[in-house]
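Please read these numbers as outputs of a predicted model, since none were measured by experiment.
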Protein chains: 2
Amino acid sequence: MGTRRRGEELERAILLAAAEELRESGYAGMTMDRVAARAGTNKNAIYRRWPHRAALGIAAYRHLSDAAMPAPDTGSLRTDALEMLRQANETWSSPHGAILRGLLAAAADDPQLIALMRERSGVDTMDRAWLTMLERAVTRGEAPAAAVHPRVAATPMMLLRAEYAMRGIPSVPDEVLVEIVDEVFLPLVRGHS
Amino acid sequence: MGTRRRGEELERAILLAAAEELRESGYAGMTMDRVAARAGTNKNAIYRRWPHRAALGIAAYRHLSDAAMPAPDTGSLRTDALEMLRQANETWSSPHGAILRGLLAAAADDPQLIALMRERSGVDTMDRAWLTMLERAVTRGEAPAAAVHPRVAATPMMLLRAEYAMRGIPSVPDEVLVEIVDEVFLPLVRGHS
DNA sequence: CCGTATAGGGTACTCGGCGTACCTTAATGG
DNA sequence: CCATTAAGGTACGCCGAGTACCCTATACGG
């Protein structure tokens, strides 16, 4: 009788269900049975599409956030950088961030999954934003041209991530962000002369 | 009949067995049953001492490495820093490192466990080593005094850790270490004037 | 020296969750 | 209109974490 969903439609339904489970219970609490039930289907349909739970988790994660994150342009490198870090901190502190961290932890020993995560979680987008931020600072005469370097651009976010890993709590106090900017990022930019 | 071990003795036997399991199979592969069997006891004795698998894993980990890591003193800040990073990279690439990473991943959502890990894995010891390294560079006139700052000292190791997290492979190529030193650490130190 | 509290040993169990097997039933498209 | 494909239903197998219960050796106080 009625409508039996197939292909695209069913796939979207599964991803939606998985995303909702992620939101409610985090990755650790997302079970295949619950996703199947919620999508009104069964595990077969899922396993035909994704080889295992982690893959589904990653695929579903993108439904939660597509995180554009344009580079802020406040006219000063310091406030730009702070703004970026604050936004990132907020994102990572949010439920989304908790899920993301759960996924990262789960994927930790599987390079394939890590690669997938990188694409999905917009690490590279982020780095590009930092680079354009630096370029603008250079044209304003606020920074030496030599400071426009991928590793310089990536440093603040890496420090923030490491901070999460070390604390295990999903929110870094604002002082830490300020310190990262004032004691590391700005001196680092200055030092490139 | 015979000797039934108790208290201290049994505890050491369990920790040893757990450590061996860690070495052979990593944290993910360390099962309570196997540890119990290997220690010649049963899960009861284990659960009477540690509330869950993660706690045992962490307790056992210290049996594998006590990691002193004295600050190298080569006479140049650059080579000192590189040496530190290379040693760390080697440690983390080793089987021990794999286990450590497994534990970290498993503990990711439990602040209590993370705190335990911090103690055991000598993060603070490491930071102190970097600080003394910086101090020596200051007395040599190689660095401004303002660069002796905990966050500056912690930066290279944090970047290395983040590098692991992003790659998911247990060995960072040497070029990356060099880049961390030349493009980040040294400019950062220079920038503190 | 004995008897009782304590802690280890043995074993079997529950429970949850991943992944699979197998068959039935609806849709699709040639 | 029929063959092929994919979804639905359901029941497993398997493994590993923790738990329950009961038996037995050891320590320790009297």
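As rounded to whole Å, 14 Å separates atom P of D/dG13 from atom NZ of A/Lys43. Distance NE2 (B/His52) to C1' (D/dT19): 16 Å, rounded to an integer number of Å. When rounded to the nearest whole Å, the span between CZ of B/Arg53 and C1' of D/dT19 equals 18 Å. Counting to the nearest Å, the C1' atom of C/dT28 and the CD atom of A/Glu8 are 16 Å from each other. When the C1' atom of D/dA7 is taken as reference, atom CD of A/Glu11 falls 14 Å away, rounded to whole Å. Between B/Ile14 atom CD1 and C/dA7 atom C1' the separation is 12 Å, expressed in whole Å. The separation between A/Ile46 atom CD1 and C/dT20 atom P is 13 Å, rounded to whole Å. Atom CZ of A/Arg5 is separated from atom C1' of D/dT5 by 18 Å (rounded to the nearest Å).
Taking a 6.0 Å sphere around CD of A/Glu24, one finds it holds more than 12 heavy atoms contributed by other residues, nucleotides or ligands.
One distance of note links CG of B/Leu160 with OH of B/Tyr164; it measures 4.5 Å at 0.5 Å rounding. If you take CZ on A/Arg86 and CG on A/Asn89, they are separated by 9.5 Å, rounding to the nearest 0.5 Å.
With D/dG18, D/dT26, C/dG19 as the candidates, the nucleotide lying closest to the side chain of B/Tyr47 is D/dG18. The side chain of B/Asn44 has C/dG10 as its nearest neighbour among C/dG9, C/dG10, D/dA7. Minimum atom distance to the side chain of B/Leu10 is reached by C/dG8, of the listed D/dA7, C/dG8, D/dG18. Set against D/dA17, C/dC18, D/dG8, the side chain of B/Thr31 has D/dA17 as its closest nucleotide. Closest contact between the side chain of B/Arg48 and the listed nucleotides C/dA7, D/dT10, D/dG18 involves C/dA7. Closest to the side chain of A/Asn42, from the set C/dG17, D/dG9, D/dA7, is D/dG9.
Between B/Met30 and A/Gly40, it is A/Gly40 whose nearest contact on DNA chain D lies nearer the 5' terminus.
Taking side-chain N and O atoms only, B/Arg49 has a distance below 4.0 Å to OP1 or OP2 of C/dG8.
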* side-chain hydrogen bond (donor to acceptor under 3.5 Å, both in side chains) between A/Ser25 and A/Arg34: does it pass, once the steps are laid out? -> CA-CA 11 Å; A/Ser25 324; A/Arg34 300 245 307 276; 3.2 Å; yes
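In this model, no side-chain donor or acceptor of A/Arg4 finds a partner on the base of C/dA27 within 3.5 Å. Scanning atom types as modelled, no donor and acceptor separated by under 3.5 angstrom connect the side chain of A/Asp33 and the base of C/dG17.
Classified by interplanar angle (parallel below 30°, tilted 30° to 60°, perpendicular above 60°), the ring pair B/Trp130/B/Phe185 is perpendicular.
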